[in-house]
Amino acid sequence: MERRKFLQSSLVAAASASVSINPTMANDKAPTQKEVYEWREYEARFGSDIGQLENYFKTALIPALNKYGVKKVGVFKEWRPSDPAKIYLLMPYSSLDNYQSVNAKVKADTDYIKNSAAYNGIPADKPVYNRFTSSLMVAFDGFPAMVVPSGESRIFELRTYEGYSEDAVRRKIKMFHDGEFPIFKRAKLMPVFFGEVIAGDRLPRITYMLTCNSMEERDKGWSAFGADPEWKKLLADPQYANTISKISNSFLIPTPYSQV
C-alpha cells in the first residue's frame with residue numbers, strides 16, 4: 001500500500017513538473033485538462049504467432065478499455081517490417097488518476113478475464129514476444145488532447161527527441177509552443193499527439209506523432225517545414241540552441257482494428 005502511494009505521488013509530481021507555460025493561454029484561465037498516454041512497443045520472438053497477441057488486443061484488451069472510457073486505442077505495425085516484427089500500442093487517458101482507475105477496473109473485469117484466457121494460456125516455451133517496453137507521457141499544454149485522423153489509408157511518423165538535460169527538453173517544449181504547432185499544419189504534417197515522457201527509458205525526452213496520406217506527402221511536408229520563415233526564425237533564436245541531443249523516428253501503419 002505504501003509503495004503504491006509513493007508511486008502515485010511520484011508520478012503526479014513528475015506530471016506537475018512537466019507543465020510548461022503556454023503563451024496563448026489567458027492568465028486568468030485554468031489550463032485545459034491534459035491527457036496521459038501509455039505507449040507500448042512489443043518485439044515478437046522469431047517464429048512466434050503474433051496473431052495471438054493481436055487477438056488479445058482485439059477481443060480482450062481494447063473492448064475492456066473502451067468499456068471504461070478509453071475510446072480511441074491505437075495499434076500500429078511498422079511501415080517496413082523488421083525481423084523480428086514489432087507491434088505498437090497507444091492508449092490515451094484523461095488523467096493520471098484515470099490511468100490508474102481504468103487499469104484497475106480492466107484487470108478485475110469479468111469479460112476481460114474470460115476473453116484473455118487464450119492469451120494467458122500461451123505456453124511458457126512458446127512466448128509470443130520477448131518483452132514489451134512501456135512509457136508514460138503527459139500531453140503538452142498547447143496540444144492537450146489527441147487528434148484522431150480520418151479513416152483513409154495513411155502512415156504515421158513517431159518522433160522521439162532526447163535532451164541532454166531536463167532544461168534542454170523544457171526549452172524544446174517551449175519552442176513548440178512558441179511557433180512550431182502552426183508550422184506543422186501549414187506543412188500538412190498533421191499532429192496526432194505531443195507528450196513529455198515522465199516514466200520510461202532514455203529520459204529526459206519527448207515523443208510526438210504526425211500523420212500523412214503517403215510517404216511522398218510526408219517528405220514534401222518536412223521540406224516545407226524546413227523552408228518555413230517562422231521555423232527559420234525559431235531556429236535562429238539562441239534560447240533554443242542545444243535543446244536536442246538525439247532524434248529518432250519510426251514509420252507506422254495502423255492495423256485494420258486500430259481506433260486511431
Side-chain angles (χ1 to χ4, degrees), residues 22 24 32-42 50 53-59 61-81 85-95 98-99 102 135 137-161 176-177 179-196 206-228 230-231 248-260:
N22 181 357
T24 64
T32 302
Q33 177 69 52
K34 298 187 294 182
E35 289 182 332
V36 168
Y37 308 113
E38 183 183 3
W39 177 262
R40 294 185 188 179
E41 300 183 9
Y42 293 79
I50 202 169
L53 179 61
E54 292 198 79
N55 191 59
Y56 163 69
F57 291 158
K58 288 186 287 186
T59 64
L61 183 59
I62 293 176
L65 289 170
N66 290 169
K67 179 178 180 179
Y68 294 107
V70 182
K71 298 299 185 183
K72 297 294 182 181
V73 179
V75 187
F76 309 91
K77 293 184 178 181
E78 295 170 298
W79 179 59
R80 288 181 174 170
K86 293 181 180 179
I87 191 165
Y88 305 84
L89 194 63
L90 172 63
M91 294 168 283
Y93 299 89
S94 61
S95 66
N98 181 246
Y99 164 77
V102 167
S135 59
M137 297 174 268
V138 175
F140 288 7
D141 288 346
F143 209 95
M146 183 172 68
V147 175
V148 178
S150 56
E152 68 264 21
S153 177
R154 60 178 54 253
I155 63 165
F156 292 82
E157 182 174 5
L158 187 79
R159 297 178 65 85
T160 293
Y161 294 173
F176 279 102
H177 287 91
E180 285 196 60
F181 292 137
I183 301 175
F184 281 116
K185 292 184 178 180
R186 286 198 295 272
K188 296 183 180 179
L189 297 168
M190 304 311 295
V192 178
F193 74 84
F194 292 85
E196 180 175 6
I206 60 176
T207 295
Y208 67 98
M209 178 178 273
L210 307 171
T211 186
C212 295
N213 291 327
S214 65
M215 186 60 74
E216 181 182 17
E217 184 178 282
R218 178 262 178 195
D219 292 343
K220 288 180 179 178
W222 277 113
S223 294
F225 188 101
D228 192 289
E230 290 301 313
W231 168 243
S248 56
N249 64 345
S250 301
F251 299 110
L252 309 174
I253 54 174
T255 63
Y257 57 92
S258 176
Q259 298 171 336
V260 177

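As a basis for the values below, the full set of heavy atoms in this structure was taken, side chains included, without hydrogen atoms, waters or symmetry mates. All figures in this text were calculated on a predicted structure; none of them were measured in a lab.
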Search all heavy atoms of [X] against all heavy atoms of [Y] and return the closest pair with its distance.
{"X": "Asn249", "Y": "Arg218", "result": "ND2-NH2, 3.7 Å"}
{"X": "Val75", "Y": "Tyr257", "result": "CG1-OH, 3.5 Å"}
{"X": "Met146", "Y": "Val260", "result": "CE-CG2, 3.9 Å"}
{"X": "Thr207", "Y": "Met137", "result": "CB-SD, 3.6 Å"}
{"X": "Phe156", "Y": "Pro254", "result": "CE1-CD, 3.7 Å"}

Checklist entry - Run the side chain to side chain contact (heavy atoms under 4.5 Å, CB included) check on Ser95 and Gln33 step by step: do they pass? => result CA-CA 8 Å; Ser95 66; Gln33 177 69 52; 3.6 Å; yes
Please report the interatomic distance [atom1]([X]) to [atom2]([Y]), rounded to the nearest 0.5 Å.
{"X": "Thr211", "Y": "Ile155", "atom1": "OG1", "atom2": "CD1", "result": "7.5 Å"}
{"X": "Met91", "Y": "Tyr99", "atom1": "CE", "atom2": "OH", "result": "7.5 Å"}
{"X": "Phe140", "Y": "Ile206", "atom1": "CZ", "atom2": "CD1", "result": "4.0 Å"}
{"X": "Ile253", "Y": "Glu78", "atom1": "CD1", "atom2": "CD", "result": "9.5 Å"}
{"X": "Ile87", "Y": "Tyr42", "atom1": "CD1", "atom2": "OH", "result": "9.0 Å"}
{"X": "Leu53", "Y": "Leu61", "atom1": "CG", "atom2": "CG", "result": "9.5 Å"}

Would you please name every residue forming a side chain to side chain contact (heavy atoms under 4.5 Å, CB included) with [X], sequence neighbours left out?
{"X": "Pro144", "value": "Thr32, Lys34"}
{"X": "Thr59", "value": "Asn55"}
{"X": "Glu41", "value": "Trp39, Tyr88, Thr133"}
{"X": "Asp219", "value": "Met215"}

Any side-chain heavy-atom pair of Met209 and Leu252 under 4.5 Å: yes
Exercise for the section: Just do the side chain to side chain contact (heavy atoms under 4.5 Å, CB included) check on Leu65 and Phe57 with the steps written out, would you? Expected result: CA-CA 10 Å; Leu65 289 170; Phe57 291 158; over 6 Å; no
query = Mind checking whether Phe176 and Tyr208 have parallel, tilted or perpendicular rings, split at 30° and 60°?
reply = perpendicular
Donor-acceptor pairs are to be reported for all side-chain atoms of residues 66-73 against protein atoms at under 3.5 Å, with residues two or more places apart or in another chain.
unit_1: Asn66; atom_1: OD1; unit_2: Gln259; atom_2: NE2; d: 2.7
unit_1: Asn66; atom_1: ND2; unit_2: Val70; atom_2: O; d: 2.7
unit_1: Asn66; atom_1: ND2; unit_2: Gln259; atom_2: OE1; d: 3.2
unit_1: Lys67; atom_1: NZ; unit_2: Asp109; atom_2: OD1; d: 2.7
unit_1: Tyr68; atom_1: OH; unit_2: Asp109; atom_2: OD1; d: 2.6
unit_1: Lys71; atom_1: NZ; unit_2: Asn66; atom_2: O; d: 2.9

Does NZ or CZ of Arg159 lie under 6.0 Å from the centre of the six-membered ring of Trp222, at an angle within 45° of the ring axis? yes
- Judged by atom type as modelled, is there a donor-acceptor pair below 3.5 Å linking the side chain of Ser94 to the main-chain atoms of Glu35? no
Scan the side chains in residues 182-195 for donor-acceptor partners under 3.5 Å anywhere in the protein, sequence neighbours excluded, and list what turns up.
unit_1: Arg186; atom_1: NE; unit_2: Asp228; atom_2: OD2; d: 3.0
unit_1: Arg186; atom_1: NH2; unit_2: Asp228; atom_2: OD1; d: 3.1
unit_1: Arg186; atom_1: NH2; unit_2: Asp228; atom_2: OD2; d: 3.2

